[in-house]
Amino acid sequence: MIVEKLSKTFGSGELKVDALKNVSFSISKGEFICIVGPSGSGKSTLLNLLGGLDKAKHGKVYIDGKDVLTMQERHLSVFRRRSIGFIFQAYNLVPELNVEENIILPLLLDYKKPDNQYIDELLKILGLSERKHHLPSQLSGGQQQRVAIGRALATRPALILADEPTGNLDTKNSMDVINLLKLCVDRYKQTLIMITHNRNFASFADRVLYVADGVLTEVGGAVL
Amino acid sequence: MISYLSLASKYFSAHKKKARLTVISVAISVALITGIFSMMDAFLKFEKIQVIHDFGNYHLAVVEATDNEIAAIGSHTDVQNSGIWISFRNGSLYGRAVKLGALDKEFAANMNITVVEGKYPAAENEIMLEQWAMDNFQQHLKIGDTVKIYFAGSNEKEFIISGIYNDLGNTKALGTPGIFLSTAGAEKINVEKSRLYLIEFKRGVNIRNAEKEIKRELKISDDRIGHNDRLLAVMGQSNHEAALGFYRIGAVLFFMVLTAGVVMIYNTFNMSVMDRVRHFGLLRCIGASQEQIKKLVIQEGIYITLRAIPIGILAGILVTFLCSAILKFYNHSLFGEMQLFRVSIIGVGAGIVVGLLNVFIAAFLPAKKAANVSPVNAVSGGTEVKMSQKKKLGLLVKAFPVETAIGMNNAVMKKKMLLLMASSIAISVILFLSFQVFVDFLHTTMKTTKPYTPDITLTSEQGIKREVYQILSDLDGTKKVYGRMLGFIDAAFDAKRLTDLYVETVGGIAINKNGTFDPPEKSWLISYDNNQFNWAKADLIDGKLSEEKLNEQNGVIAVREQLRNNVSTETANLRLGDKVYFNTPNGEREMTVMGILRSIPFSSSELTMTSFITTEKLFTELIGESSYKAVDIQLDRDRQAQTMSRIKSILNSSILIRDARQKNAETNQAFFTMALFIYGFISIIALISVLNIINTMSTSVASKTRYLGVMRAIGMSDEQLDRMVLVEAATYSLLGGIAGSIIGVALQKLLVIKWLSHFHIVWRFPFAQIGLILMIILIVTVVSVIGPLKRIKSQSVSDVIRSL
């Protein structure tokens, strides 16, 4: 993945805010990247742009050689559903669907038959085998976030984008989620980009990127 | 779960309440359309029977048709039945005026003539009489009797009574018996008569085209063709200007019903979508394409519609069934053969088609909107409503308590929501106001019996003596007996009171020194008794109606509207206290105007300048006569036949009995047939409007559950919450109500002026209607908000916030 001179501004005139300024970096396959920085620094904006959720006027985001920003919406949603898995701080599960249904939803959107063996395996790793028929409202926060991870992994995407996945969780659940993420990424050889406030979790990462006032700097290798 | 599309049904089974509201709202629209169209269908069927009963089953009449024309038309492929109707100008039997005519036997059923006894006249010297007439002459008549009929302008001729036919309301009420000759006999009688050739076309024939064809082939000019306009009008085949106006109004109104249906359903779906921006954003995040979101929303639409359509259609059919049942029960003799449970294909079809069409129109736009939801909305929890930059709240807070200000602000700032809610209410109001046009139409064109309508009227040129009146009043079986003395008298007053129109009509008047004038025409003087004064109160514009006061102060009552040549006009504009000078046999007498009536329920046979009403005592003093010209009788409900024969035995032959009972009943039935459907339309629309408001308001409050929870969390009290929501809801309804009233009134005026002027309907600004509408809307709004509010308040704050 290559990001070139990415800029994003919100509003106009006096209200103009530069969320990202000329951000460039590259990530290789299988890397675990942490993005850190104060709130409002532009971390989430960057992640949204990487996932093709948002559009930017300047700059390029290449994933597997394709520019996500210039992609047509039609192709973009297909690309998103196949190549990217999202994990949010607020879980964002579909409240009307049970655990299993939430996880296979991206597959259904892709008109694919879920691979039951793989889904069962996922549920087992996530520790949700017993609860696959529960609704999100019947689960704890940590369990809900694990469902969200399951959903992100369901299509075996090459890239996982996680926006403060542990933001709503206590220390123990947070550790579980991080370990799980790391495990899955290693197991399925996926690239993981995660925003976090917790410096401790950054220690798991291969590289740490620091964003402040829309400017990105590389902390450089693992923080020791 | 096999497909992502099952998300639609999962969503609704998880949100039963929301699903129910949406289903109800669509069902309401479908019920509206099915109900109105089915009722229209039924209405035309009932009205057709009614019109055929009242006016006869013919479509076209050719005046003075030649034998050649008759032969050609009679064998025309489009013609079902035809017959000749001959009517004579004047005639009498035993000195009594009678209505003489002849009708082809084959066409008798079409004109509702049925032989009750004996046989239809066939030979040249055979006749049949109306049933009631048989014992209405000097001697009782029976079949086989020979009678002498006198034709105006000819000699007497002898006939044999061969049969008796059914009573007709009109001739009975006029007191002129009907007599039918055989057509062969009628042709032989060489006096002035008119010949109409009546034509009934086959079912499904395009009558306009058939008429043109006949006219062209036989070279019949337009002035020789008559139409049964009422029948053609209900069949949708009339060319008459009045009927065309009516069709146009119908088209406009039914188009509006369709629009209302679409708008209501569109609003429902739109609200459901706007509610879930985040939900759709999330699906987009995990890879749903715009196309898929669109499909999902349309799937939701289908899910809702499939449940709503049957409910709506059932409700619509039920209403129509109710109307049909009432009519059938009320007028069994006329509508007895109508099927009670008839499913109107037009109504149900319209309901289904519109229902389904709506899914595509009404669900497609919101679906597009949902598809355009940016995925960022889900991750950033983005604001669902774009607030305008202007800070209106500041001003409002200064003027109102904070919760009122927020309520108003919420309503006004969310422009889209405001548009949805207000338009939904406005369209109901517009529908209601425009359907009111039909009510005006009903009351202007159809008459119904009033408390003063008599069952029987006795008239006599020589006058009916007071003693006879007294006997009749005391008679067992008469409920009310009231006589009228009628006379013509010269009356003068301040010339300025005469209208310009009248002065112009009579070609100018001569004004005297004292400001009065020489009356160009006599005025009509009528006497009332206490009963009649009481009934007249409904038409009183000004002053008082008291027999005593009038006697004490030499009073008369002026009548504003005069019937001149069958047109209602105002000839004089008299006011209370005006002096009127009557030219009596004992010299001039000054009287004072003490009351003004809008109109009176009868008209003079002669042209008069104006009409005055006074007491019997004063009438005798003014005219010098004390016998009644007319005596009206209302009978007790029971044993009317006995009472009738007793009345007959009291009266001498100079007194003519006009029995209006059958005609009154028929008038009432005709009115009722139309009134039932017209008020049916209005009540459906009113009911649907109310349901629509309730549903929209509940949906709107339910969709704000989270917002209201947050407000409570930051310290808003229950009372403040109530006030805030009520103010917001009231803002929606008032804006909608006002907008609807403005458009509705404009449309009402347009419809009346443009297309109903033919019926002399005068448009007036509907102050009362609008007041009522706004009041009802507000009440319904308050009532519909209370329920959902209560539910929200009973939940704990944390539950509400967490649940979304």
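We use all heavy atoms of the structure for the numbers below, so side chains are in, but hydrogens, waters and symmetry mates are not. Within every chain, numbering begins at 1; the chains are lettered A, B, ... in the order of the sequence lines, protein sequences first and strands thereafter. Remember, it's a predicted structure, so these values are computed and weren't measured experimentally.
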A.B. asks: Heavy-atom distance under 4.5 Å between the side chains of B/Val725 and B/Leu708, does that happen here?
C.D. replies: yes
A.B. asks: Would you mind checking which part of A/Leu93 comes under 4.5 Å of any heavy atom in chain B, side chain (CB onward), backbone (N, CA, C, O), both or neither?
C.D. replies: backbone
A.B. asks: Do you know which of A/Val78, A/Asp54, A/Leu107, A/Thr155 has the most heavy-atom pairs under 4.5 Å to chain B?
C.D. replies: A/Asp54
A.B. asks: Among A/Asn22, A/Leu20, A/Asp18, find the residue that satisfies the side-chain contact (heavy atoms from CB on, under 4.5 Å) test when tested with A/Ser7.
C.D. replies: A/Asn22
A.B. asks: Is any NZ, NE, NH1 or NH2 atom of the basic residue among A/Lys132 and A/Glu101 found under 4.0 Å from an Asp or Glu carboxylate oxygen of the other?
C.D. replies: no
A.B. asks: So for A/Arg82, is it side chain, backbone, both, or neither that comes closer than 4.5 Å to the heavy atoms of chain B?
C.D. replies: neither
A.B. asks: Using the benzene-type ring in the case of Trp, are the ring centres of A/Tyr118 and A/Tyr188 under 6.0 Å apart?
C.D. replies: yes
A.B. asks: So for A/Tyr111, is it side chain, backbone, both, or neither that comes closer than 4.5 Å to the heavy atoms of chain B?
C.D. replies: side chain
